[in-house]
Amino acid sequence: PYFSFPKRGCSAEAQRRPQFGTRFLTDPRQVFQHNAWDNVEWSTEQEEAAQKKVQENSQPLPAEKQEEFDNRANEYWNDFYTIHENRFFKDRHWLFTEFPELAPQQKPPLDAEENLLNGEDVPSTHTETEFPGATASYRILEVGCGVGNTVFPILKTNNDPGLFVYCCDFSSTAVDLVKSNPEYDPSRCHAFVHDMSDTSADYPIPHQSLDVIVLIFVLSALHPQKMQNTINRLARLLKPGGVLLLRDYGRYDMAQLRFKKGRCLSENFYVRGDGTRVYFFTQDELHDLFCNAGLEKVQNMVDRRLQVNRGKQLTMYRVWVQCKYRKVLAPT
């Protein structure tokens with residue numbers, strides 16, 4: 001079935017979470033009064049038009065062309081960051097509203113039963129010198145960190161002395177830009193190059209050592225066939241009770257509808273003009289990926305936003321999916 005949008009206000013979860021915004025468009029004549037409107041309903045006609053548009057441009061490129069984009073992915077992303085450096089991005093200060101796990105917090109001590117894994121104490125097999133941040137009490141990993149627009153707001157906002165932030169990216173150019181940032185502090189942060197889809201590439205962090213993993217508009221850059229293994233490997237890094245936070249492109253986002261013929265690689269998976277790739281998710285697809293990795297749902301929401309260019313009198317519909325999934329605490 002095609003992407004269906006939950007109606008605003010019909011779930012307790014939606015009512016409990018005002019973070020997505022409270023500016024609702026009740027009178028279409030007022031559309032150009034503000035730059036953006038939250039949780040905009042789609043009409044049946046609008047959704048059918050989006051489906052039709054996607055269907056028209058869904059003829060996939062030849063296999064050899066697809067393989068070329070796959071093999072040269074690293075080159076395309078390095079070129080992207082070489083061109084844009086840090087001018088293309090804005091720091092994501094909305095993170096702390098949507099994901100309070102990233103903000104400073106007083107963590108209550110875990111119950112004794114939550115310290116148990118399969119009925120036994122979780123073994124500590126690593127000494128303090130074996131990996132960066134080994135002495136930290138709260139560890140966050142951002143995968144696909146780009147030039148640090150998530151990492152640096154976390155480091156600036158969260159002054160918890162026990163915090164340590166790991167960040168990695170496929171692009172060595174991006175990681176070099178993070179390390180050259182004057183706010184990069186090796187005593188609180190470790191940046192490294194990593195291909196999250198490479199099953200043979202180990203993370204420099206032991207299993208069951210992370211409190212939070214952050215994926216912001218990064219899973220969508222992977223080939224769909226590589227997503228499940230990627231999430232499985234990340235889930236193993238989480239402590240029992242640790243959470244994985246995701247925000248990414250939703251099905252029928254404006255960016256998907258703008259793709260012309262000759263840009264489709266497979267269903268809902270496209271290549272941009274610069275050679276980088278992007279997938280557009282449904283909530284159910286993400287739910288299955290996380291559940292298959294042994295994670296349980298805390299949040300899985302669609303953020304539908306109407307962005308407005310008042311100067312040009314244009315309306316643009318954005319669709320993002322936001323998820324929060326927790327590693328299951330093993331029964332004692």
Side-chain angles (χ1 to χ4, degrees), residues 12-21 91-111 114-115 117 122 132-146 148-168 183 185 188-191 196 203 205-219 230-231 233-248 283 286-287 289-291 293-303 320-330:
E13 182 181 52
Q15 290 169 1
R16 284 199 309 272
R17 293 194 170 273
Q19 296 100 312
F20 279 112
D91 286 352
R92 296 160 170 162
H93 295 289
W94 53 265
L95 284 166
F96 307 106
T97 306
E98 300 298 339
F99 298 135
E101 294 83 359
L102 304 176
Q105 55 194 296
Q106 289 298 114
K107 286 180 47 179
L110 290 175
D111 292 337
E114 290 184 3
N115 277 320
L117 182 69
V122 178
T135 59
S137 57
Y138 196 73
R139 302 188 190 98
I140 297 171
L141 165 66
E142 188 195 9
V143 184
C145 63
N149 298 88
T150 295
V151 168
F152 292 120
I154 292 173
L155 290 172
K156 279 188 278 190
T157 303
N158 193 334
N159 58 4
D160 179 353
L163 173 73
F164 197 89
V165 181
Y166 307 88
C167 58
C168 63
E183 293 176 358
D185 179 358
R188 302 184 70 215
C189 183
H190 177 64
M196 65 190 292
Y203 287 92
I205 313 156
H207 290 176
Q208 299 182 37
S209 62
L210 296 175
D211 295 275
V212 182
I213 294 175
V214 186
L215 297 170
I216 307 291
F217 296 102
V218 64
L219 190 63
T230 297
I231 298 299
R233 294 176 74 236
L234 288 172
R236 288 195 285 271
L237 297 177
L238 283 173
K239 297 174 181 176
V243 292
L244 189 151
L245 312 175
L246 173 139
R247 190 169 172 90
D248 220 320
Q283 290 170 277
L286 287 165
H287 181 73
L289 283 171
F290 297 137
C291 286
L295 306 177
E296 61 183 4
K297 184 178 83 165
V298 178
Q299 181 193 64
N300 184 325
M301 298 181 73
V302 175
D303 182 2
W320 297 303
V321 185
Q322 182 167 302
C323 296
K324 186 182 298 186
Y325 280 73
R326 180 184 293 118
K327 187 165 187 175
V328 178
L329 293 163

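The figures that follow rest on heavy atoms only: side chains count, while hydrogens, waters and symmetry mates do not.
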Side chain to side chain, Val321 and Asp303, heavy atoms closer than 4.5 Å = no
Under a 4.0 Å N-O cut-off, is there an ion pair linking Lys324 with Glu98?
-> no
Please say whether more than 12 non-hydrogen atoms of neighbouring residues, nucleotides or ligands are located less than 6.0 Å from CZ in Arg188.
-> yes
Does the pair Leu155 and Val165 meet the rule for a side chain to side chain contact (heavy atoms under 4.5 Å, CB included), with working shown?
-> CA-CA 8 Å; Leu155 290 172; Val165 181; 3.8 Å; yes
Check whether any side-chain heavy atom of Phe99 lies under 4.5 Å from a side-chain heavy atom of Ile216, and answer yes or no.
-> yes
When rounded to the nearest 0.5 angstrom, what distance separates OH in Tyr166 from NE2 in His190?
-> 8.0 Å
Residue pair Leu245, Leu102: steps toward the side chain to side chain contact (heavy atoms under 4.5 Å, CB included) verdict = CA-CA 10 Å; Leu245 312 175; Leu102 304 176; 4.1 Å; yes
Criterion salt bridge (Lys or Arg N to Asp or Glu O under 4.0 Å) against Asp211, the qualifying member of Lys239, Lys327, Arg139 = Lys239
Heavy-atom distance under 4.5 Å between the side chains of Leu210 and Ile205, does that happen here?
-> yes
Between the main-chain N or O of Ala103 and the side-chain N or O of Thr157, is there a donor-acceptor pair closer than 3.5 Å?
-> no
Residue pair Leu234 / Leu141, side-chain heavy-atom distance below 4.5 Å | yes
Which heavy atom in Gly294 sits nearest to a heavy atom in Val328, and how many Å separate them?
-> O-CG2, 3.3 Å
Given Met196 and Leu215, is the side chain to side chain contact (heavy atoms under 4.5 Å, CB included) satisfied, shown in steps?
-> CA-CA 11 Å; Met196 65 190 292; Leu215 297 170; 4.0 Å; yes
Nearest 0.5 Å, what's the CG-CG distance between Leu244 and Leu286?
-> 10.0 Å
Do you know the tightest heavy-atom contact between Cys167 and Cys189?
-> SG-SG, 4.0 Å
State, yes or no, whether a side-chain contact exists between Leu246 and Val218 at a heavy-atom distance under 4.5 Å.
-> no
Check whether any side-chain N or O of Arg247 sits under 3.5 Å from a backbone N or O of Cys323 as a donor-acceptor pair, and report yes or no.
-> no
Do Leu219 and Ile231 touch side chain to side chain, with heavy atoms closer than 4.5 Å?
-> yes
Can you find a heavy atom in the side chain of Phe164 that is under 4.5 Å from one in the side chain of Thr135?
-> no
Are the side chain of Asn158 and the backbone of Leu163 linked by a donor-acceptor contact shorter than 3.5 Å?
-> no
Would you please test Phe217 and Trp320 for side chain to side chain contact (heavy atoms under 4.5 Å, CB included) and show each step?
-> CA-CA 9 Å; Phe217 296 102; Trp320 297 303; 3.4 Å; yes
Side chain proximity check, Cys145 to Cys168, heavy atoms < 4.5 angstrom = no
Applying side-chain hydrogen bond (donor to acceptor under 3.5 Å, both in side chains), name anything that partners Tyr325, two or more places apart in sequence or on another chain.
-> His287, Asn300
Of all residues at least two apart in sequence or in a different chain, which pass the salt bridge (charged side-chain N to carboxylate O under 4.0 Å, His left out) check with Arg233?
-> none
